[in-house]
Amino acid sequence: VYESKTFKVFPCMGQLREGHLLIATKAHVNSIGQLEKSKQQELENIMVYVTDFYREKYNMEALCFEHGALNDSGQNGGCGIYHMHMHMVPIKKEEYIEVISKVDSQRENHLYNASGLSDTSQYVREYKTYIFIEYINEQSNIYSILVNDNNYFESQYMRRIVGETFHVKEWDWKKNKIVEPEFICTLEKAKTFFEHL
């Protein structure tokens, strides 16, 4: 639905909610923490466009999350595709609070405040897998980074947490075998919105 020099934006299979989009790099890289600062800034700009899309089409704010995979082996888990992709879903404030509460309540997890995407680079340098979480609302952006004592997150960890919060019965995109009406609606609405950028 949108393309920049470095990234492509497209609907996510296994929509957690209508409007669920992915932003992925064109060239292979495992995580945001491995991107140059200029590309991280390019990504931030696209995330603002997606947030504007959510406000206009869904009257909601944006939840963004990325499992910071360290390599192609999957030894630190986190996602089913070891290629940088930022999830973005429209969300209400009370749902965001519930998501953060769920990830922070697990004893082996440690949730830290962050200043932006660039903070992910520190975790890559320390060879720590991470989950980057951002909530974008009209007042501010709230950035968090989640790490785990075991340096491991189960596959689709955040999809499960967000899916449970949204009361989605099947949050695992790999198990979805049908054409999703939400996917089609997301595609049509996003194409219309992004063609004017």
Side-chain angles (χ1 to χ4, degrees), residues 1-12 15-17 19-70 78-79 81-93 95-97 99-100 103 111-126 128-147 153 157-159 161-162 186 189-197:
V1 299
Y2 182 77
E3 184 173 351
S4 71
K5 182 180 177 184
T6 309
F7 301 95
K8 287 190 176 191
V9 182
F10 48 92
C12 184
Q15 293 268 295
L16 292 174
R17 163 176 285 163
H20 186 173
L21 294 170
L22 294 179
I23 307 171
T25 51
K26 294 178 186 178
H28 180 56
V29 63
N30 292 116
S31 65
I32 292 169
Q34 295 171 339
L35 292 172
E36 303 161 16
K37 272 200 169 177
S38 62
K39 291 181 180 177
Q40 291 176 348
Q41 185 56 58
E42 184 183 340
L43 175 56
E44 282 278 16
N45 294 340
I46 296 170
M47 291 163 67
V48 170
Y49 300 152
V50 174
T51 304
D52 291 343
F53 166 61
Y54 291 161
R55 289 177 182 146
E56 182 177 310
K57 299 295 183 183
Y58 300 103
N59 195 30
M60 285 192 249
E61 305 295 351
L63 173 69
C64 321
F65 61 90
E66 181 235 6
H67 284 265
L70 299 173
C79 55
I81 306 293
Y82 299 98
H83 180 96
M84 183 261 134
H85 57 286
M86 174 73 83
H87 289 262
M88 291 194 68
V89 289
I91 197 167
K92 299 171 187 165
K93 183 178 182 180
E95 292 170 328
Y96 162 73
I97 292 168
V99 166
I100 286 296
V103 299
L111 188 67
Y112 299 105
N113 293 329
S115 59
L117 288 176
S118 61
D119 286 8
T120 59
S121 301
Q122 162 194 336
Y123 293 90
V124 169
R125 283 193 301 273
E126 295 172 5
K128 290 182 182 173
T129 192
Y130 64 85
I131 296 176
F132 175 83
I133 304 168
E134 181 177 357
Y135 173 58
I136 306 173
N137 63 38
E138 288 189 12
Q139 289 77 40
S140 63
N141 295 22
I142 302 171
Y143 306 99
S144 304
I145 292 182
L146 182 69
V147 293
F153 288 101
Y157 174 81
M158 282 300 292
R159 283 188 63 99
I161 298 289
V162 175
T186 299
K189 287 180 182 176
K191 273 187 171 180
T192 302
F193 178 85
F194 282 100
E195 70 185 9
H196 300 296
L197 291 182

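No experiment lies behind these values; they were computed from the predicted model shown.
- Atom CD1 of Ile23 is separated from atom NE2 of His87 by 11.0 Å, given to the nearest 0.5 angstrom.
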Anything under 3.5 Å between a donor and an acceptor, one on a side chain of residues 56-63, the other on a protein residue two or more places apart or in another chain? List them.
from  : atom 1 : to    : atom 2 : distance (Å)
Tyr58 : OH     : Glu18 : OE2    : 2.9
Glu61 : OE1    : Arg55 : NE     : 2.9
Glu61 : OE1    : Arg55 : NH2    : 3.0

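- Side-chain contact between Tyr96 and Asn137 is absent, with no heavy-atom pair separated by less than 4.5 Å.
- Heavy atoms only, all atoms of each residue included: Phe194 and Val1 are closest at CB-O, 3.2 Å.
- Atom NZ of Lys37 has 12 or fewer neighbouring heavy atoms from other residues, nucleotides or ligands inside a 6.0 Å radius.
- Counting all heavy atoms, side chain and backbone alike, Pro11 lies closest to Thr186 at CB-CG2, 4.0 Å.
- Crowding of Lys128 atom NZ: a count of heavy atoms from other residues, nucleotides or ligands under 6.0 Å not exceeding 12.
- Counting only N and O atoms by type, the side chains of Gln40 and Ser121 include a donor and acceptor under 3.5 Å apart.
- Separation of the His83 and His85 ring centroids does not fall under the 6.0 Å cut-off.
- For the atom pair OG1 of Thr25 and CG of Leu35, the computed distance is 6.5 Å after rounding to the nearest 0.5 Å.
- A 6.0 Å sphere centred on CG of Asn45 holds more than 12 heavy atoms belonging to other residues, nucleotides or ligands.
- Here the side chain of Ser4 pairs a donor or acceptor atom with the backbone of Phe7 at under 3.5 angstrom.
- Not one N or O on the side chain of Ser31 forms a donor-acceptor pair closer than 3.5 Å with the backbone of Leu70.
- Although no hydrogens or angles enter the test, the distance criterion places no donor-acceptor pair under 3.5 Å between the side chain of Tyr143 and the main chain of Tyr135.
- Across all non-hydrogen atoms, the minimal contact from Glu134 to Ile136 is OE2-CG1, 3.5 Å.
- One finds the CZ atom of Arg159 at 6.5 Å from the CZ atom of Phe65 (value rounded to the nearest 0.5 Å).
- In this structure, Tyr123 contributes its side chain and Gly33 its backbone to no donor-acceptor pair below 3.5 Å.
- Closest heavy-atom contact between Tyr157 and Leu146: CE2-CD2, 3.9 Å.
- Side-chain N or O atoms of Asn30 include none that pairs as donor or acceptor with a backbone N or O of Ala69 at under 3.5 Å.
- Thr120 OG1 to Ile131 CD1: the interatomic distance, rounded to the nearest 0.5 Å, is 13.0 Å.
- Using a 4.0 Å cut-off between charged side-chain N and carboxylate O, Glu95 and Arg17 make a salt bridge.
- Between His20 and Tyr54, the shortest heavy-atom distance links the atoms CA-OH, 4.3 Å.
- A distance of 12.0 Å separates CD1 in Ile46 from SG in Cys64, rounded to the nearest 0.5 Å.
- When all heavy atoms of Ile32 and Tyr130 are compared, the pair lying nearest together is N-OH, 3.4 Å.
- A centroid separation of less than 6.0 Å is found between the aromatic rings of Tyr2 and Tyr49.
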